[in-house]
Amino acid sequence: MSDRNDPGAPLPRDDRTEAAPGYGPPPGAGTASDATPGPWPAPAPPYPGPWGPAAAPSADGEEPRQRLHPLSPALHGAKSLVVVIAGLSWSTLSRVGFGWFALLVTVFVLGATVLSVVSWWNTGYHLVGRELRVYEGLLWRRTRAIPLERLQAVEVVRPLLAQLTGLAELRLEVVGGGKTEAPLAYLSVAEATALRQRLLAVAGRPPAPALAEPGVPAAPGAPVAPAPAGRRLHVVRNQDLLVSQLLTPQAFLLPVGVVFVGAQFLSEGSWSFVAVASTLTAMAGVVLQPIRRVLDDWSFRLDRDDGTLRVHNGLLETRVQTVPLHRVQTVRATWPLLWRMKGWLRLRLEVAGYSAGEPDDRNRPDRLLPVGDAGTGAMVVAEVLPGVRLDELPGTPPPSRARWLRPLSRKVVGAGLDERVFVARSGLLTRQLTLVPYARIQSVRVTQGPAQRLLRLATVHADTAGGAGAAAVDRDVADAWELAAELTERSRAARGADHRR
């Protein structure tokens, strides 16, 4: 049996998989593993570092384990307070009274805080060779080994409570991960910045500048590399961001929602605290989505550093996300109906190696331009896909017999082959344009439904590692097979050119 503390010892099969050449891990490849319950490896002494007695690395070069910041349990407890109050609801307050309600909240929060302290005490992390190992658990102890050769980016995220306490959260994006791996919450900003740069350096990728906090000293004993000079591409005006969210269906339906909620409130004939709180909660639900988008994309900035894009955004929760350009699978431009009168569009990315299954879509680095005019959109697309001009892309609609399947949208859907990308258009009220570089196409499929077979039509799908890809819908059967063959040939040639470079 191999020694888990030996950096050179091979890992069990579940802990490490070999990366497949090309564009991602083999099917079913994992990114981190859970060790079976049992005694922890015995570093000496346990958990040295900023929050314990200093210790030198062991004789075999293994680093001592580090703990998270001591304020981490307090922040987790504060987050639990919000969850507890929401779970108990206003109806519980009306039934038990304010005194018992406050007592229940206090008991739950104290319990959550105690559990957070126990979790913090038994959580540690350190680097072993080219792995980041995270240890956690009390009764059932778990070890996660994250191979850094699969690391795509380390994001520094600062929720509101973390900003108020000078802390940050570190989130790892790994190729093939089902979700964001090993979030280290929380570290000091300086420690998170230094650890982020070091992980990227060990992974063999030049570290892009992380979230900087003016006046915060560097972590003790951790050299911080100088931030490379980036090139500013675009800054979204907050005024345009606000106007764009006013030009949404949610904003136009807001008066209807207010009238409905007001009618419900007046019909009750009660002006109690519970009635007012319930009314405000219902109204908040109507406007939640536009407000969330404004808060998420506030002060949006896009920078370019050699082969990476850096996205800065957020008001209550600030984020700095790094997007490696060589992992971009598709670029999607969207023209919502009400935006078209101002000539605005929105740009999104699909990036291989990021967690498409993440329940919170804010964790995915898919934002490229939350709102902008045609000139800005063309400039940003040219930065991500050199040589591609957004206003000069080819596209042909389906044959006329497709009108039986698409009586209104036949003329606005289409597909075409640019010199560098596959182009697919879709949408009636909300127009959408999807660009897929040939080198990022993983497979090409031709599908036919029952109605398509009757009309001699077929759909050609270009699948990518990012998930969605693009599709040329309702093409003539002969044209569909010809398009599929051409896509396969161009994809093979583009991948060969990439390998030669």
Side-chain angles (χ1 to χ4, degrees), residues 208 230-252 289-305 307-315 317-325 327-351 354 361-362 364-393 395 412 418 420-421 423-437 466 468 470:
R231 178 163 56 93
R232 178 63 47 83
L233 294 182
H234 185 62
V235 177
V236 175
R237 295 196 312 161
N238 292 328
Q239 178 183 351
D240 291 345
L241 188 63
L242 289 169
V243 174
S244 70
Q245 293 308 307
L246 291 176
L247 298 176
T248 59
Q250 292 89 346
F252 275 81
Q289 185 174 359
I291 291 178
R292 177 178 171 180
R293 288 178 178 172
V294 170
L295 295 178
D296 287 347
D297 292 329
W298 193 261
S299 299
F300 186 95
R301 305 193 309 275
L302 184 65
D303 297 335
R304 170 78 183 264
D305 275 328
T308 62
L309 290 176
R310 284 185 290 117
V311 178
H312 307 247
N313 61 292
L315 179 60
E317 181 175 280
T318 61
R319 291 170 177 266
V320 178
Q321 293 180 315
T322 302
V323 179
L325 290 177
R327 302 216 56 94
V328 172
Q329 305 298 293
T330 65
V331 175
R332 184 168 285 107
T334 305
W335 290 265
L337 175 62
L338 299 177
W339 288 17
R340 293 206 290 270
M341 63 183 181
K342 295 184 69 67
W344 285 350
L345 77 162
R346 177 172 60 239
L347 296 177
R348 290 287 187 263
L349 292 171
E350 283 184 4
V351 183
Y354 286 88
D361 60 359
R362 290 178 295 178
R364 296 198 297 269
D366 62 346
R367 290 170 174 82
L368 185 57
L369 183 66
V371 60
D373 56 26
T376 302
M379 179 270 295
V380 173
V381 168
E383 289 285 344
V384 179
L385 303 174
V388 175
R389 298 194 60 176
L390 194 60
D391 56 346
E392 296 183 2
L393 294 172
V412 297
D418 184 68
R420 296 173 176 83
V421 295
V423 182
R425 304 177 189 271
S426 61
L428 179 60
L429 298 181
T430 298
R431 304 285 175 81
Q432 187 167 278
L433 176 69
T434 304
L435 309 177
V436 183

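The structure presented is a predicted model; accordingly, all values stated were derived computationally and were not measured.
A side-chain contact (heavy atoms from CB on, under 4.5 Å) with Phe300 holds for exactly one of Arg367, Arg237, His234; it is Arg367.
Judged by distance alone, the side chain of Arg319 and the main-chain N or O of Gly314 form no donor-acceptor pair under 3.5 Å. Side chain of Thr430 to backbone of Gly427: no donor-acceptor contact under 3.5 angstrom is found. Side chain of Trp298 to main chain of Asn238: no donor-acceptor pair is present (N/O by atom type, distance under 3.5 Å, no hydrogens or angles). Judged by distance alone, with hydrogens and angles left aside, the side-chain atoms of Glu317 form no donor-acceptor pair with the main-chain N or O of Leu315 at under 3.5 Å. Side-chain N or O atoms of Arg304 include one that pairs as donor or acceptor with a backbone N or O of Glu383 at under 3.5 Å.
In summary, Arg292 and Asp296 engage in a salt bridge, as defined by a charged side-chain N under 4.0 Å from a carboxylate O. Asp240 and Lys342 are not joined by a salt bridge, as no carboxylate oxygen comes within less than 4.0 angstrom of a charged side-chain nitrogen.
In this structure, CZ in Arg425 is found 5.0 Å from CG in Leu433, a value given to the nearest 0.5 Å. Expressed to the nearest 0.5 Å, how far CG of Leu246 lies from CG of Leu241 amounts to 10.0 Å. Expressed to the nearest 0.5 Å, how far CG of Leu368 lies from CZ of Arg346 amounts to 12.0 Å.
Residues Val243 and Leu247 form a side-chain contact, since some pair of their non-hydrogen atoms from C-beta on lies under 4.5 Å apart.
Scored by the salt bridge (charged side-chain N to carboxylate O under 4.0 Å, His left out) test, Arg389 finds Asp391, Glu392 as partners (sequence neighbours excluded).
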